[in-house]
**Q** 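Handing you a structure now.
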Amino acid sequence: MIKESKAYKYALWCVEDGNRKVGIYIKKQAQAWLDIVEGKDPQAYVDEKTYNKVCKILKLMVHPDLQCSMFEGLEDYAWLLIVAVLCTKQKNEKNLDIRYFITALLEISRKNFKTFNAAVIFILLMLTDPQFSRFFSVAPDLKLSSELKLAIRKIIKVSPALAADDTFKILRSEIRCLVTESEYTPLAYSEDRMDGKLANAFLADEAGAMDSYPIEAMRSSQITLFNKLGIIISTQYPNDNNVMIDEIDISKKVLDKLSDCVDDEDARRRFSLLYEPDDDLLINDQWQTNDLVIYQSNPVAVAHEHVFKAIKSMRTMAILYENKRENYLCKHNNIKYKGLGVEGYVSIDKVRECKIKEDLEFWKGKKVRLGLDLSQSDDNTSVAMETEEDCKIYGKVWGFIPKDKKALKSKKENVDYDKLIRQGVCFECGDEVIDYRYVEQFILGLEEKYGVKITQIGYDRYNAISTIQKLEAAGYECVEIKQHSSVLHMPTKLLKEAILSKNFRYDENLMLEINFQNARCTEDTNLNKFVNKKRSAGKVDMVVALINATYLLQQDMLYGAENFGAQVI
């Protein structure tokens, strides 16, 4: 039955080879759900009984605009969202009826019926969840929060089976389902306190305009519940301090199979439809000409030509008039306007293709170069060791964090530092600040531990003077690497090309993979690219250290080993 559904067929369409009308993260989520349908997931399954119940209720609902049943009128992406969220159940020894997904994240551009589809889900929940359940919507203000209430009211009024006096009762401040004695109430962040509520399910609308408090307050209310759900929907917003940024970041880590870096199991139980353009579409002003930017951010535009033409018309105006650009890019393309010119450094999938198992014998007798990123004393620090053999670059990287800030950093960055420390790719030292003596002793011990010969150490002068003086006193040649685009462009380019051509190898390192996923590049006026820490999505110190080491290797390639340089550059 499920394999005959629109949800299943849409998911299959999403993962088709060559289909670029959806972005990479939609493909990954669709594939993950298809694996659940096929019985390949050890923790979840799709319940046919619940699916049949959902279908029966949807056939009773009338679409207020199309005047047909909701079963016939829902968009394909809405089918996937509804069926996946409501019908995917958790496998458990006691056979309890527990929904698997507890967070539904929808990043989608305007005019995709997102609030309308949330209303459909809320009606389904009010009719099927246990008695006396409570549901809330939260938004920046009451008017916006009440949009969900208006959508629910509209569907109820045009659906004879729902409009009966013994089914729903619409009051001024809430909507009650008389069948289950459940109730829905809209809340406003600007007027209402979110604490003290017990939310079986909640909707955070336009989350990009709010900080984390409303959502965390709702989640806190759900701690004692087995069946709980939080629906978070929004377009992009130009501000940097909003909860949607964190939620998208967590979802991408889960979809990139970096879920081990999220220490909270509940954080991994999320279904995320991230309708945003892929990184390669965010450069060279492609939003002005490439229609894929519209398709990937607006699934309704794929199915409805008139919607696509309307957005193209708005795109033309945004190209011509600067004052229309921010609204168009944020609300219709899910692109932060100030983020134009920022692109992902290299795909995490391409990086992983270069991963190898640690082989300590490989390093014995090798001449290596070290790259350092000695960040502020209360932040991450990294050391990268690099060599070349058979036209391939080999790298090994370690991270260092302040011991007393480990718990705070784990929570704030959604990274399980305890796991990384156990894996030997990260070390905790000092208390509130990094103990640079520990880092210095680590560097001084590398030759003995790995049997290598350190030829040069590359560093950024910032925060490094004291450490470099000690390393030079120990007899090492240290080279200052100016952190400027004109200097960093070539090693940044070389490392990326080595990864893409599979001429790069690194010992298995989850922390390095997280850093690569976080890394974002910018261009200067001469089109020199470099990894920009401020524009990146999280910590990138390991990547920066690796690029510093690559700079030293490249200088040797250019002025020493000419044959190697000719093959790689």
Side-chain angles (χ1 to χ4, degrees), residues 1-15 22 25-58 70-71 74-108 114 117-118 120-130 133 135 200-203 219 222 225-233 247 250-252 254-255 257 259 262 264-275 299:
M1 183 67 74
I2 288 292
K3 292 186 177 181
E4 297 174 6
S5 69
K6 290 183 179 179
Y8 184 79
K9 293 176 181 177
Y10 178 69
L12 285 177
W13 175 80
C14 288
V15 300
V22 293
Y25 286 105
I26 296 296
K27 288 179 176 289
K28 289 184 177 184
Q29 183 62 83
Q31 185 60 61
W33 187 70
L34 288 172
D35 289 343
I36 294 176
V37 175
E38 299 292 341
K40 298 178 181 178
D41 192 297
Q43 296 181 320
Y45 70 99
V46 178
D47 184 30
E48 296 272 357
K49 184 178 179 181
T50 303
Y51 171 72
N52 290 331
K53 182 185 294 185
V54 167
C55 289
K56 289 178 182 178
I57 297 175
L58 289 176
M70 203 67 72
F71 184 87
L74 280 176
E75 298 293 329
D76 290 341
Y77 90 86
W79 268 105
L80 177 57
L81 177 66
I82 290 170
V83 173
V85 171
L86 298 186
C87 303
T88 305
K89 301 298 180 69
Q90 184 182 40
K91 294 178 181 178
N92 58 83
E93 296 178 356
K94 297 181 179 180
N95 292 321
L96 298 175
D97 187 20
I98 301 174
R99 287 189 296 268
Y100 179 70
F101 296 115
I102 61 178
T103 297
L105 183 68
L106 180 60
E107 180 196 15
I108 194 167
K114 55 183 183 293
N117 292 325
V120 173
I121 294 176
F122 265 55
I123 292 174
L124 289 167
L125 288 171
M126 293 175 77
L127 288 168
T128 58
D129 260 24
S133 295
F135 307 94
N200 294 72
F202 70 88
L203 168 73
R219 282 175 172 159
Q222 298 178 321
L225 300 175
F226 287 110
N227 262 326
K228 52 190 174 184
L229 177 63
I231 305 171
I232 305 170
I233 60 177
E247 293 296 327
I250 295 171
S251 290
K252 286 181 177 180
V254 172
L255 292 173
K257 299 189 185 303
S259 55
V262 182
D264 183 3
E265 180 184 351
D266 285 355
R268 297 194 291 269
R269 290 171 56 187
R270 54 177 52 219
F271 185 83
S272 308
L273 293 181
L274 306 180
Y275 288 100

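This structure is a prediction, so every number in the text was calculated from the model and none was measured.
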**Q** Report yes if the side chains of T103 and I232 come closer than 4.5 Å at any heavy-atom pair, otherwise no.
**A** yes
**Q** Distance check, rounded to the nearest 0.5 Å: L106 atom CG versus I233 atom CD1?
**A** 6.0 Å
**Q** Determine whether L124 and V54 satisfy the following criterion, side-chain contact (heavy atoms from CB on, under 4.5 Å), listing intermediate values before the conclusion.
**A** CA-CA 7 Å; L124 289 167; V54 167; 4.1 Å; yes
**Q** I need the F101 CZ to T88 OG1 distance, nearest 0.5 Å.
**A** 5.0 Å
**Q** For residues L81 and I121, determine if any side-chain heavy atom of one lies less than 4.5 Å from a side-chain heavy atom of the other.
**A** yes
**Q** With distance as the sole test, does N227 use its side chain to make a donor-acceptor pair with the main-chain N or O of D97 at under 3.5 Å?
**A** yes
**Q** Nearest 0.5 Å, please: how far is OH in Y25 from CG in L274?
**A** 8.5 Å
**Q** To the nearest 0.5 Å, tell me how far T50 OG1 sits from L86 CG.
**A** 8.5 Å
**Q** Would you sort out whether N52 and E48 count as a side-chain hydrogen bond (donor to acceptor under 3.5 Å, both in side chains), showing the intermediate values?
**A** CA-CA 6 Å; N52 290 331; E48 296 272 357; 5.2 Å; no
**Q** Which distance, rounded to the nearest 0.5 Å, do you find between the NZ of K89 and the OH of Y51?
**A** 14.5 Å
**Q** Within the distance-only criterion (no hydrogens, no angle test), does the side chain of Q222 pair as donor or acceptor with the backbone N or O of L229 below 3.5 angstrom?
**A** yes
**Q** V120 versus L58: any side-chain heavy-atom pair under 4.5 Å?
**A** yes
**Q** Output all residues satisfying side chain to side chain donor-acceptor pair (under 3.5 Å) with E4, sequence neighbours left out; order by chain, then residue number.
**A** none
**Q** Say whether, by atom type as modelled, one donor and one acceptor occur between the side chain of R270 and the main chain of E247 under 3.5 angstrom.
**A** yes
**Q** Does K91 NZ have over 12 foreign heavy atoms under 6.0 Å away?
**A** yes
**Q** Distance from N117 atom CG to Y77 atom OH, nearest 0.5 Å?
**A** 4.0 Å
**Q** Distance-only, no hydrogens or angles: does the K27 side chain make a donor-acceptor pair with backbone N or O of C14 under 3.5 Å?
**A** yes
**Q** Regarding D129 and R99, does a basic nitrogen lie under 4.0 Å from an acidic carboxylate oxygen?
**A** yes
**Q** Verify, without hydrogens or angle tests, whether Q29 (side chain) and S272 (backbone) share a donor-acceptor contact under 3.5 angstrom.
**A** yes
**Q** Let me know which of V37, L12, L34 forms a side-chain contact (heavy atoms from CB on, under 4.5 Å) with K3.
**A** V37
**Q** Run the side-chain hydrogen bond (donor to acceptor under 3.5 Å, both in side chains) test on S5 and W79 for me, step by step, so that the C-alpha distance in whole Å, both residues' side-chain angles and the decisive distance to 0.1 Å come before the verdict.
**A** CA-CA 8 Å; S5 69; W79 268 105; over 6 Å; no
**Q** Find out whether D76 and P299 are in side-chain contact, i.e. whether some heavy atom of one side chain is under 4.5 Å from a heavy atom of the other.
**A** no
**Q** For atom NZ of K53, is the number of surrounding heavy atoms from other residues, nucleotides or ligands below 6.0 Å larger than 12?
**A** no
**Q** Evaluate the side-chain proximity of L125 to N200: yes if any heavy-atom separation is below 4.5 Å, no if none is.
**A** no
**Q** Any non-hydrogen side-chain atom of I231 less than 4.5 Å from a side-chain atom of F122?
**A** yes
